[in-house]
Amino acid sequence: MENNTDRSLNPEQHRAATHQNGPLLILAGAGSGKTRVLTNRIAWLIDEKEVAPWNIMAITFTNKAAKEMKERVERMVGTWSAAVHVATFHSTCVRILRQYIDRIGYNRNFDIYDTDDSKSLMKDVCRQMEVNTKVYKEKMFLARISHMKDELIDPEQCMEDARNGMDESGMLIARVYARYQQRLKMCNALDFDDLICQTVRLFREHRDVLEYYQDRWHYLMVDEYQDTNKAQFVFISLLAQKYRNLCVVGDDDQSIYRFRGADIGNILNFEKIFPETEVIRLEQNYRSTQNILDAANSVISNNKGRKSKRLWTDRGAGAPVSVKRFENASMEAGFIAEDIARMKRTGQFEYKDSAVLYRTNAQSRAIEEQLLYESIPYTIVGGTNFYARKEIKDILSYLRVISNSSDDIAVKRIINVPKRGIGKTSVTRVEAYANEHGMSFYDVARMADKIPGIGKGGLKIRQFVHLVQELKERADASIPSELIRLVLDKTGYEEELRLEGTDEAKDRLENLGELLNKAAAYEAAFTPIENSGGDVPGPEEQKPTLRGFLEEVSLVADIDSFDGQEDRAVLMTLHSAKGLEFPNVYITGMDEGLFPSYQSAMSTDPADMEEERRLCYVGITRAMDHLTLTGARMRMLRGQMDWYRESRFLSELPTRHGSHEEAQPKMRSPYSSAPKPWDQPRRKTVIRKPFMLSQEPAGVLKSGGDLGYDVGDTVSHIKFGQGVVKEIRDGGRDKEVTVEFDRFGVKKMFAGFAKLKRVEG
């Protein structure tokens with residue numbers, strides 16, 4: 001039961017929770033109890049200051065965090081908690097747009113496009129504009145457009161900037177951006193970035209709408225403020241203009257989403273933007289032991305662009321941080337699997353207590369193999385999103401067409417699913433007619449038999465339209481779960497999978513059953529606040545609706561589905577791990593060029609390396625009781641073996657910390673019982689320099705011949721920079737060259753591909 005007083009708060013938490021008016025910046029270090037502070041502040045405002053709950057808004061980034069905050073607030077203030085607006089940025093903006101988006105030319109019944117929908121639409125746009133997608137990739141256009149929306153740059157501004165800069169490729173991007181937005185509007189759809197930037201547009205163009213929400217939410221609280229981009233910053237700033245009761249909570253040391261548009265300047269410069277700000281630092285950590293915190297403090301102190309803070313705890317020193325380095329990635333993975341098994345066997349940790357974190361998803365393969373070999377159950381966070389699976393996308397597309405038939409992407413997805421004899425040629429004719437006459441695909445489909453040259457395809461398309469119209473007529477009287485069952489039955493989708501009878505078809509049927517479960521849970525959890533009159537705002541919806549269900553599933557993130565209840569080890573990227581905690585953590589791949597990444601190590605912008613260091617800090621502070629950092633000298637990358645130096649972050653750890661040792665576990669491949677060469681026990685040695693052969697094996701050449709360089713020469717590589725040639729071998733058709741690079745350690749490569757050039761002097 002949550003303590004509904006503030007007696008459990010430490011002095012700094014108490015100061016933050018009882019701050020009422022004016023801007024407040026809470027610098028909340030990892031594990032410092034920021035959610036407890038926010039919920040206590042909400043309760044204090046309601047109970048002690050008699051602030052109406054509907055005048056309070058709390059914004060966070062994930063549904064998971066919003067749900068946790070709602071539950072805590074409910075335990076503290078009871079039924080009135082339902083009137084407090086606790087939601088994500090995106091769901092908040094959706095609610096606002098549902099009410100007022102018609103003011104900026106959209107229908108309120110808009111769809112929300114996910115990544116796959118946006119890709120499909122961009123392919124259509126590039127095809128219609130005859131863009132050479134071998135030169136200009138669809139992903140590039142989407143990434144640039146997303147960045148511009150984060151910066152609140154509309155197509156007109158984009159075009160003007162390109163003209164002023166005489167940028168030919170920029171002009172193309174601007175034209176594609178304009179067409180993409182035009183098509184979105186024709187489909188009555190918004191992509192994820194639109195949810196924020198169109199809300200900002202609404203506020204800027206319609207002052208009365210902004211003033212309504214300013215008067216509705218007098219007290220604003222924003223969690224994870226370090227992750228906000230420009231559009232989110234402007235959205236919050238506009239809402240806070242009138243009363244200026246803006247409380248932001250965040251940790252600049254955990255700002256790790258720069259690649260998504262997050263601007264660390266929003267938190268670093270908060271006091272400049274709001275000069276009357278009170279700043280409170282939360283430095284007492286309730287999660288980790290002091291040894292783990294010392295490691296985190298030591299690493300992050302090397303960043304210059306940060307606000308000073310130092311985490312401490314009263315949990316005691318705890319186990320030393322362990323640092324282990326292996327000969328190759330297989331040995332690294334083998335050790336981790338053996339260690340997790342040992343922890344379980346000795347009763348120290350359950351499987352679910354252990355998390356393996358890595359910089360890139362590709363690193364999971366070797367770890368998975370060894371976990372399978374040790375018979376350790378595991379879960380990968382960040383795999384295929386449930387709502388991105390084919391069968392789920394198909395049924396959701398039917399629901400979207402029922403709700404909004406202007407959605408061309410959804411209509412084209414299901415027009416021949418299940419197969420009903422509508423060929424690509426017929427679809428192309430309908431699409432061409434729609435483009436020529438400025439109509440939606442569905443409106444043209446309704447008159448498809450009248451399109452010249454369409455033949456029998458027109459009749460089949462009309463039959464599809466008749467089916468959709470029948471489903472539309474049933475929509476208003478059906479709750480989402482009933483409508484899903486109707487779609488599965490009327491379309492023959494479920495029957496087709498049953499007749500197929502394969503294991504894959506059975507899995508798909510199970511997934512569809514899970515979609516029905518989700519719909520039922522949405523309906524069961526719908527408990528609207530009854531409007532008792534007076535000034536209490538009523539809910540936007542009084543019952544579960546198709547539109548509400550589609551909205552909910554469209555805003556689900558991968559991390560929202562992780563509950564950690566099953567006894568399984570957890571594998572995830574460091575980015576995915578943010579906000580989570582585990583008793584036992586392994587951070588793998590602590591190798592220069594892998595973590596920190598090659599791109600950051602080569603970048604001339606110091607901000608790139610500082611972000612990598614923040615990512616390391618986030619990883620370290622996920623650990624509660626035990627932390628192990630591992631690396632490997634050799635890793636296979638794109639079919640080529642590369643040598644790695646240990647990560648610079650390891651050298652930034654406190655010297656008194658943990659065991660820093662060379663480790664050689666006994667292990668076998670999970671796919672064979674036969675011993676492998678690397679299974680054999682090896683003598684433990686400490687090698688401080690990058691790996692070098694101690695004597696020349698057969699095939700080593702004394703001279704590079706006609707390569708233009710020899711052993712001992714300094715050479716340059718377009719990717720790795722300068723290095724010294726250590727070895728040249730006869731590799732058959734090509735010479736194999738080993739170079740020790742200044743920044744990336746030892747690399748082995750074929751001369752023909754490496755294109756090394758001798759550096760004079």
Side-chain angles (χ1 to χ4, degrees), residues 30 252-256 258-259 264 291-306 310 320-329 332 357-360 363 573-575 577 585-623 627-635 637 642-663 686-692 717 719-724 739-747:
D252 50 296
D253 290 335
Q254 295 186 71
S255 179
I256 59 172
R258 186 165 172 245
F259 68 98
I264 193 173
N291 276 333
I292 292 170
L293 296 181
D294 286 347
N297 288 329
S298 184
V299 170
I300 201 63
S301 67
N302 290 277
N303 272 5
K304 292 183 171 56
R306 64 184 294 260
R310 188 167 187 84
V321 174
S322 180
V323 180
K324 295 184 181 292
R325 192 147 179 83
F326 300 88
E327 197 70 17
N328 56 47
E332 177 188 40
L357 312 181
Y358 35 77
R359 182 66 179 81
T360 65
Q363 292 170 250
T573 65
L574 286 149
H575 282 99
V585 169
Y586 304 85
I587 303 179
T588 68
M590 297 295 294
D591 308 309
E592 198 72 12
L594 186 59
F595 189 32
S597 70
Y598 164 77
Q599 290 84 356
S600 297
M602 289 295 288
S603 174
T604 57
D605 185 353
D608 291 330
M609 184 54 67
E610 295 218 342
E611 176 121 343
E612 288 285 306
R613 190 172 281 109
R614 291 194 293 269
L615 188 59
C616 183
Y617 173 85
V618 165
I620 291 171
T621 54
R622 298 312 93 197
L627 173 66
T628 304
L629 308 174
T630 67
R633 291 192 189 84
M634 294 185 288
R635 293 181 186 275
L637 183 67
D642 276 351
W643 277 256
Y644 290 83
R645 290 178 175 178
E646 73 173 28
S647 169
R648 70 186 70 188
F649 299 147
L650 295 180
S651 67
E652 296 172 357
L653 295 172
T655 53
R656 67 180 183 276
H657 246 296
S659 57
H660 191 137
E661 62 185 89
E662 301 295 323
V686 177
I687 303 176
R688 296 300 179 193
K689 294 182 179 180
F691 178 76
M692 291 174 56
H717 184 274
K719 177 178 176 182
F720 301 119
Q722 290 192 2
V724 177
V739 182
E740 181 181 353
F741 290 99
D742 295 342
R743 298 180 67 183
F744 293 94
V746 177
K747 303 287 181 185

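Just so you know, these numbers come straight off a predicted model, no measurement behind them.
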Charged tip of Lys747 within 45° of Tyr644 ring normal and under 6.0 Å:
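Yes, Lys747 and Tyr644 form such a contact.
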
Side-chain contact, heavy-atom cut-off 4.5 Å: [X] with [Y]?
X	Y	answer
Met609	Ser603	no
Leu629	Leu650	yes
Ile587	Thr630	no
Asp591	Arg325	yes
Glu652	Arg613	yes
Glu332	Thr588	yes
Ser597	Glu612	yes
Gln722	Phe741	no

Over all heavy atoms of both residues, which pair between Val585 and Gly619 is shortest? Give the atoms and the distance, please.
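So the minimum-distance heavy-atom pair works out to CG1-O, 4.2 Å.
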
Testing the basics here: between Gly589 and Gln363, what is the closest heavy-atom pair and its distance to 0.1 Å?
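Nearest pair, atom of Gly589 first, then Gln363: CA-NE2, 3.7 Å.
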
Can you tell me how far [atom2] of [Y] sits from [atom1] of [X], rounded to the nearest 0.5 angstrom?
X	Y	atom1	atom2	answer
Phe649	Leu615	CZ	CG	8.0 Å
Tyr617	Ser255	OH	OG	12.5 Å
Met590	Cys616	CE	SG	4.0 Å
Ser651	Arg645	OG	CZ	11.5 Å
Ile264	Asp252	CD1	CG	5.5 Å

Is it true that Glu327 and Arg633 make a salt bridge, defined as a side-chain N closer than 4.0 Å to a carboxylate O?
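Judged by the 4.0 Å cut-off on N to carboxylate O distance, Glu327 and Arg633 do form a salt bridge.
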
With a 4.0 Å cut-off on N to O distance, would you call Asp253 and Arg306 a salt bridge?
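So Asp253 pairs with Arg306 through a salt bridge.
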
Looking only at atom types and distance, does a side-chain atom of [X] sit under 3.5 Å from a main-chain N or O of [Y], one as donor and one as acceptor?
X	Y	answer
Ser298	Asp294	no
Asp608	Thr604	no
Ser647	Phe595	yes
Asn303	Glu610	yes
His575	Ile256	yes

Applying side-chain contact (heavy atoms from CB on, under 4.5 Å) to Arg614 and Ile300, what does each step give before you reach the verdict?
CA-CA 7 Å; Arg614 291 194 293 269; Ile300 201 63; 3.9 Å; yes

Go through the steps to decide whether Ile292 and Ile620 satisfy the test side-chain contact (heavy atoms from CB on, under 4.5 Å), and finish with yes or no.
CA-CA 7 Å; Ile292 292 170; Ile620 291 171; 4.0 Å; yes

Suppose we screen for side-chain contact (heavy atoms from CB on, under 4.5 Å). Which residues come up paired with Ser301, at least two apart in sequence or across chains?
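side-chain contact (heavy atoms from CB on, under 4.5 Å) check on Ser301 returns nothing, list empty.
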
Start with the C-alpha gap between Leu357 and Thr573, add the side-chain angles, then the distance that decides, and say whether side-chain contact (heavy atoms from CB on, under 4.5 Å) holds.
CA-CA 5 Å; Leu357 312 181; Thr573 65; over 6 Å; no

Checking side-chain contact (heavy atoms from CB on, under 4.5 Å) for the pair Arg635/Asn328: CA distance, chi angles, key distance, verdict?
CA-CA 6 Å; Arg635 293 181 186 275; Asn328 56 47; over 6 Å; no

